[in-house]
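Single-structure report; data block below.
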Amino acid sequence: MAGAEFEFSDQDFQRVRRIINQVAGISLADGKRELVYSRLSRRLRQRGFRRFEDYCDFLETSGDETELSEFVNALTTNLTSFFRESHHFEFLAKELLPGLIRSRGLNNRRIRIWSAGCSTGEEPYSIAIVLREVLPATGWDVKILATDLDSNVLATAERGVYEWNRVKDLSEPRLRRWFQKGRNAQAGWVRVAPALRDLITFRQLNLMDDWPMRGPFDLIFCRNVVIYFDKPTQQILFERYADILAERGHLFVGHSESLFKVTERFAPLGKTIYQRCL
Ligand SMILES: C[S@@+](CC[C@H](N)C(=O)[O-])C[C@H]1O[C@@H](n2cnc3c(N)ncnc32)[C@H](O)[C@@H]1O
């Protein structure tokens with residue numbers, strides 16, 4: 001790029017693509033060159049590098065885990081919102097949870113949910129709202145595990161404090177019940193209610209690594225995450241989801257994601273919802 005602040009060759013772009021793919025499974029498309037330049041420029045500036053080649057050398061040889069994590073954080077896409085793809089939450093509230101309430105006996109009132117790639121937390125908090133609204137107040141042992149690879153978004157998720165703009169479209173009763181409005185210096189911000197926060201454990205986890213939890217999970221939300229992975233990586237991941245899901249457990253994927261020709265371990269229920277086959 002003529003006149004650019006940092007030297008960035010085609011070879012450097014290929015190298016960045018290789019590193020992010022090795023570390024996070026993310027496949028950057030050909031057209032992402034400019035995005036890579038703009039997102040990583042800040043890192044080069046902060047670390048005092050003039051050329052991407054030197055920055056990549058540093059990433060690959062220094063063993064500096066903090067910089068590797070900043071590199072990954074800069075390249076992940078974290079777009080999310082409360083009740084994104086609202087049909088999933090309607091299905092959860094109107095079909096899935098009522099079915100579980102009917103079918104589970106007194107000694108099997110345990111529900112485990114994993115929000116994999118939870119970004120800034122809107123997804124697990126939306127799940128928590130539905131659980132609190134639909135399940136009886138007592139007698140159920142319910143937990144949500146929310147994980148992401150990006151340490152920055154996870155910190156926001158754990159804080160559970162959002163700009164008013166991000167919740168303004170929720171219904172008035174939901175806003176009143178599940179969010180505390182900030183005052184004075186915190187005006188314009190909301191904090192999620194402790195009753196939601198209590199249901200969720202946040203953990204940093206790279207989906208490409210070994211998973212420390214044993215499961216089984218009843219539900220896995222992995223939405224708008226595998227869209228950035230290539231097919232072989234998706235295949236491995238969905239096999240692992242099938243293994244860690246309970247029999248007949250449910251998997252929710254994003255609107256442009258599909259398991260068609262990726263795995264046969266799930267049956268489609270429609271609207272990007274799948275059920276593990278026996
Ligand atoms: C677009 S957001 C999706 C957020 C939410 N699930 C939703 O649908 O609104 C994708 C998230 O996946 C995370 N991610 C990408 N690669 C990952 C990996 N290898 N392991 C864990 N999380 C990853 C990113 O950090 C990002 O926060």
Side-chain angles (χ1 to χ4, degrees), residues 16-29 32 35-36 39-40 65 68-92 113-130 144-160 162 165-167 169-170 192 200-213 217 219-241 244 250-259 271-274:
V16 168
R17 289 174 89 180
R18 187 170 41 73
I19 301 173
I20 192 68
N21 185 257
Q22 275 170 359
V23 176
I26 295 172
S27 295
L28 288 173
K32 299 285 182 182
L35 176 131
V36 164
R39 291 212 185 158
L40 289 179
E65 290 292 327
L68 194 61
S69 164
E70 292 294 346
F71 166 82
V72 171
N73 290 355
L75 293 179
T76 52
T77 299
N78 307 117
L79 184 78
T80 188
S81 57
F82 283 97
F83 294 95
R84 182 184 194 184
E85 296 169 37
S86 58
H87 55 274
H88 284 165
F89 300 95
E90 273 156 35
F91 177 79
L92 183 62
I113 300 173
W114 181 13
S115 165
C118 67
S119 189
T120 39
E122 287 86 337
E123 179 177 279
Y125 288 122
S126 302
I127 300 169
I129 288 174
V130 174
I144 302 168
L145 172 68
T147 64
D148 203 286
L149 153 80
D150 182 329
S151 54
N152 289 337
V153 291
L154 207 59
T156 302
E158 286 211 76
R159 219 175 300 128
Y162 297 93
N165 230 8
R166 300 196 62 80
V167 296
D169 293 331
L170 300 186
V192 297
I200 309 173
T201 304
F202 292 99
R203 289 276 180 275
Q204 188 174 13
L205 179 68
N206 183 346
L207 292 168
M208 300 301 114
D209 291 347
D210 287 339
W211 299 342
M213 58 281 189
F217 290 97
L219 277 63
I220 296 177
F221 286 71
C222 183
R223 309 184 313 156
N224 308 298
V225 177
V226 304
I227 189 178
Y228 304 106
F229 299 166
D230 57 25
K231 271 265 153 67
T233 308
Q234 292 186 11
Q235 265 157 350
I236 294 170
L237 186 62
F238 287 128
E239 283 298 310
R240 296 177 76 194
Y241 282 153
I244 205 165
H250 289 76
L251 173 67
F252 297 75
V253 300
H255 61 285
S256 57
E257 297 163 337
S258 165
L259 273 54
K271 293 187 168 176
T272 53
I273 304 167
Y274 293 84

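Each ligand, and each atom within it, is numbered from 1 in the order the structure gives.
Between Asn206 and Val72 the shortest side-chain heavy-atom distance does not fall below 4.5 Å. Residues Ile127 and Phe89 have side chains in contact (heavy-atom distance under 4.5 Å, counting atoms from C-beta outward). Residues Leu251 and Leu259 are in side-chain contact: their nearest non-hydrogen atoms beyond the backbone lie under 4.5 Å apart.
With values rounded to the nearest 0.5 angstrom, Ile273 atom CD1 is found 6.0 Å from His87 atom NE2. Atom CD of residue Glu122 and atom CG of residue Asn78 lie 10.0 Å apart, to the nearest 0.5 angstrom. Taking OG of Ser115 as the reference point, atom CZ of Phe252 lies at 11.5 Å (rounded to 0.5 Å). To the nearest 0.5 Å, atoms OH (Tyr162) and CZ (Phe82) are separated by 4.5 Å. Note: His88 NE2 to His250 NE2 = 11.0 Å, rounded to the nearest 0.5 Å.
A distance-only check finds a donor-acceptor pair linking the side chain of Arg84 to the backbone of Leu79 [under 3.5 Å]. A distance-only check finds a donor-acceptor pair linking the side chain of Glu85 to the backbone of His255 [under 3.5 Å].
One option in Leu154, Thr76, Asp148, Leu237 has a heavy atom closer to atom 11 (C) of ligand 1 than any other, and that option is Asp148.
At a heavy-atom cutoff of 4.0 Å, ligand 1 is contacted by both the backbone and the side chain of Thr80. Counting heavy atoms closer than 4.0 Å to ligand 1, residue Phe252 contributes nothing at all. With a heavy-atom cut-off of 4.0 Å, Thr147 does not touch ligand 1 at all. Only the side chain of Glu123 comes within 4.0 Å of ligand 1, counting heavy atoms alone; its backbone N, CA, C and O stay farther away.
Near Asn224, with a cut-off below 4.0 Å to any heavy atom, the atoms of ligand 1 are 1 (C), 2 (S), 3 (C), 7 (C), 8 (O), 10 (C). Each of the following atoms of ligand 1 lies closer than 4.0 Å to a heavy atom of Leu79: 1 (C), 2 (S), 3 (C), 4 (C), 9 (O). Close contacts between ligand 1 and Leu207 involve ligand atoms 18 (C), 19 (N), 20 (N), 21 (C) [criterion: under 4.0 Å to a heavy atom]. Numbered from 1 in the order shown, with element, the atoms of ligand 1 that lie under 4.0 Å from a heavy atom of Asp150 read 25 (O). For ligand 1, the atoms closer than 4.0 angstrom to any heavy atom of Leu205 are 20 (N), 21 (C). Listed by atom number, the atoms of ligand 1 under 4.0 Å from Ser119 heavy atoms are 4 (C), 27 (O).
Using a 4.0 Å heavy-atom cutoff, Gly254 is absent from the residues neighbouring ligand 1. For the ligand labelled ligand 1, residue Phe229 lies inside the 4.0 Å heavy-atom shell. Heavy atoms of Val23 come nearer than 4.0 angstrom to ligand 1 in no pair at all.
Looking only at atom types and distance, the side chain of Asp150 has no donor-acceptor partner in the side chain of Ser119 under 3.5 Å away.
Remark: minimum distance from atom 17 (C) of ligand 1 to any protein heavy atom is reached at Leu149 CD2, 3.5 Å. The nearest heavy-atom contact from the protein to atom 15 (C) of ligand 1 is Ile26 CD1, 4.1 Å. With hydrogens left out, the protein atom closest to atom 2 (S) of ligand 1 is Thr77 O, 3.3 Å, a heavy atom. The nearest heavy-atom contact from the protein to atom 19 (N) of ligand 1 is Ala24 O, 2.8 Å. Regarding atom 3 (C) of ligand 1, its nearest protein heavy-atom neighbour is Arg223 O, 3.5 Å. Of the protein's non-hydrogen atoms, Arg84 NH1, 3.3 Å is the one closest to atom 7 (C) of ligand 1. Looking only at protein heavy atoms, the nearest one to atom 12 (O) of ligand 1 is Val225 CG2, 3.6 Å.
Taking distance alone, with nitrogen or oxygen atoms compared against 3.5 Å, Gly117 approaches ligand 1 more closely than that limit. Geometrically, ligand 1 and Ala116 share no nitrogen or oxygen pair separated by less than 3.5 Å.
In this structure, Tyr125 has its ring center closer than 6.0 angstrom to the ring center of Phe202.
Under the 30°/60° scheme for interplanar angles, the aromatic rings of Trp114 and Tyr241 are found to stand perpendicular.
Sorted by first and then second residue, the salt bridge (charged side-chain N to carboxylate O under 4.0 Å, His left out) pairs involving residues 223-236 (not counting sequence neighbours) are Glu123-Arg223.
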